[in-house]
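As structure tokens, the structure follows; a few thoughts come after it.
In what follows, chains carry the letters A, B, and so on, assigned in the order in which the sequence lines appear, proteins first and then strands, with residues in each chain numbered from 1. Worth saying up front: this structure is predicted, and the values here are computed from it rather than measured.
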Number of protein chains: 2
Amino acid sequence: MKTLVSRCPIEEVMQVLSGRWPTLLIYYLKDGTKRFSDLRRDNPTISHKMLTLELRKLEDAGIISRTEFEGYPLHVEYDLTSVGERLVPLIDALGDWWEEAIGPDAPHNEFATPKSRSVT
Amino acid sequence: MKTLVSRCPIEEVMQVLSGRWPTLLIYYLKDGTKRFSDLRRDNPTISHKMLTLELRKLEDAGIISRTEFEGYPLHVEYDLTSVGERLVPLIDALGDWWEEAIGPDAPHNEFATPKSRSVT
DNA sequence: AGTAAATTACGCACTTTTTTGTAACCACGA
DNA sequence: TCGTGGTTACAAAAAAGTGCGTAATTTACT
């Protein structure tokens with residue numbers, strides 16, 4: 001994780017949560033322990049490589065934990081940490097905001113009010 | 001805005017808020033009306049191209065409004081919409097979460113507890 | 001009077017950088 | 001030989017930076 005020099009916590013959060021996968025992975029992990037292969041099944045469009053990279057990033061940030069099990073075949077389990085769990089309701093709130101403000105059933109979505117740029 | 005096919009509101013929110021700039025721009029606009037050049041001054045490292053693109057994206061999402069004024073030199077004002085304003089406390093919450101859970105003063109940040117991957 | 005410069009918010013074409021995908025390879029033991 | 005959870009190298013794609021051009025008027029200079 002290339003750490004950007006920044007005094008702004010928002011900027012730092014976005015370093016970790018930005019992109020398509022982090023919030024989704026957190027969401028899948030909300031339901032409990034998952035293995036690498038589970039997460040791939042949950043999200044078939046993520047590539048093998050991206051999944052490892054994203055999981056590593058979340059692990060480095062302290063949002064998820066990674067545990068190796070020595071059994072055969074060897075496997076790994078991923079879980080939200082308590083820090084990660086505290087993040088879930090915040091992501092939920094963003095989803096709710098989207099649905100009521102902007103989503104397809106919202107009163108002011110882009111189809112209901114086609115944008116015209118105001119000129120004075 | 002290339003609209004991704006997705007049933008998940010989280011995925012859709014992240015399409016708009018992902019990246020370094022969207023949340024920052026929303027933050028600067030929290031203080032009131034800003035012009036293009038103000039926003040560039042607020043954030044000197046964004047290129048003019050990126051600023052126009054990001055502003056357009058936020059406008060299309062209904063988060064900010066754009067108003068042209070006919071005077072000379074012609075100028076443009078940007079503001080948060082009411083929808084955008086409702087987003088501010090959510091972004092705030094993310095910043096707070098970061099600071100108390102992960103930021104430099106948090107008890108479990110990456111320096112206090114250097115990650116060791118657990119093996120069972 | 002004529003010309004030139006400055007201002008504001010971009011658009012466009014081109015290049016560079018970053019991110020992501022693809023495929024091959026690895027170890028382990030049943 | 002399979003399945004697990006990776007790593008690595010190379011290629012493709014996407015994102016971002018750079019520099020130039022534009023509009024229409026005021027001001028500044030010659």
Taking Watson-Crick and G-U wobble contacts under 3.5 angstrom, with | marking pairs to another strand and [ ] crossing pairs, the secondary structure of DNA chain D is written ||||||||||||||||||||||||||||||
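Map B/Leu55 and A/Glu54 each onto its nearest nucleotide of DNA chain C; the residue landing nearer the 5' end is B/Leu55.
Using a 4.0 Å cut-off between charged nitrogen and carboxylate oxygen, B/Glu54 and B/Arg56 do not count as a salt-bridge pair.
Residues that satisfy the side-chain contact (heavy atoms from CB on, under 4.5 Å) test with A/Ser82, not counting sequence neighbours, are A/Arg86. B/Leu53 is linked by a side-chain contact (heavy atoms from CB on, under 4.5 Å) to B/Lys49, B/Met50, counting only residues two or more places apart in sequence or in another chain. Residues passing the salt bridge (Lys or Arg N to Asp or Glu O under 4.0 Å) test with A/Asp42, sequence neighbours excluded: A/Lys34. For B/Glu77, the salt bridge (Lys or Arg N to Asp or Glu O under 4.0 Å) test picks out no residue, with sequence neighbours left out. B/Arg41 meets the salt bridge (Lys or Arg N to Asp or Glu O under 4.0 Å) test with B/Asp38; sequence neighbours excluded. In this view, B/Thr52 satisfies the side-chain hydrogen bond (donor to acceptor under 3.5 Å, both in side chains) rule with no residue, not counting sequence neighbours.
Residues from residues 41-51 of chain A placing a heavy atom under 4.0 Å of any atom in DNA chain C, listed by number, are A/Ser47, A/Lys49, A/Met50.
Annotation: ring-ring contact (aromatic ring centres under 6.0 Å, His included) contacts involving residues 31-68 of chain A, sequence neighbours excluded, comprise A/Phe36-A/His48.
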For nucleotides 22-25 of chain D, give me every protein contact, N/O to N/O, under 3.5 Å, one pair per line with atom names.
{"unit_1": "D/dA24", "atom_1": "O3'", "unit_2": "B/Tyr72", "atom_2": "OH", "d": "3.3"}

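Dashed line: the shortest gap from a side-chain N or O of B/Tyr78 to OP1 or OP2 of C/dT8 is not under 4.0 Å. Phosphate proximity of D/dG5 to A/Arg35: present, with a side-chain N or O under 4.0 Å from OP1 or OP2. For the OP1/OP2 pair of C/dG11 and a distance below 4.0 Å, the side-chain nitrogens and oxygens of B/Arg56 include at least one atom meeting the criterion. Dashed line: the shortest gap from a side-chain N or O of B/Ser37 to OP1 or OP2 of C/dA9 is under 4.0 Å.
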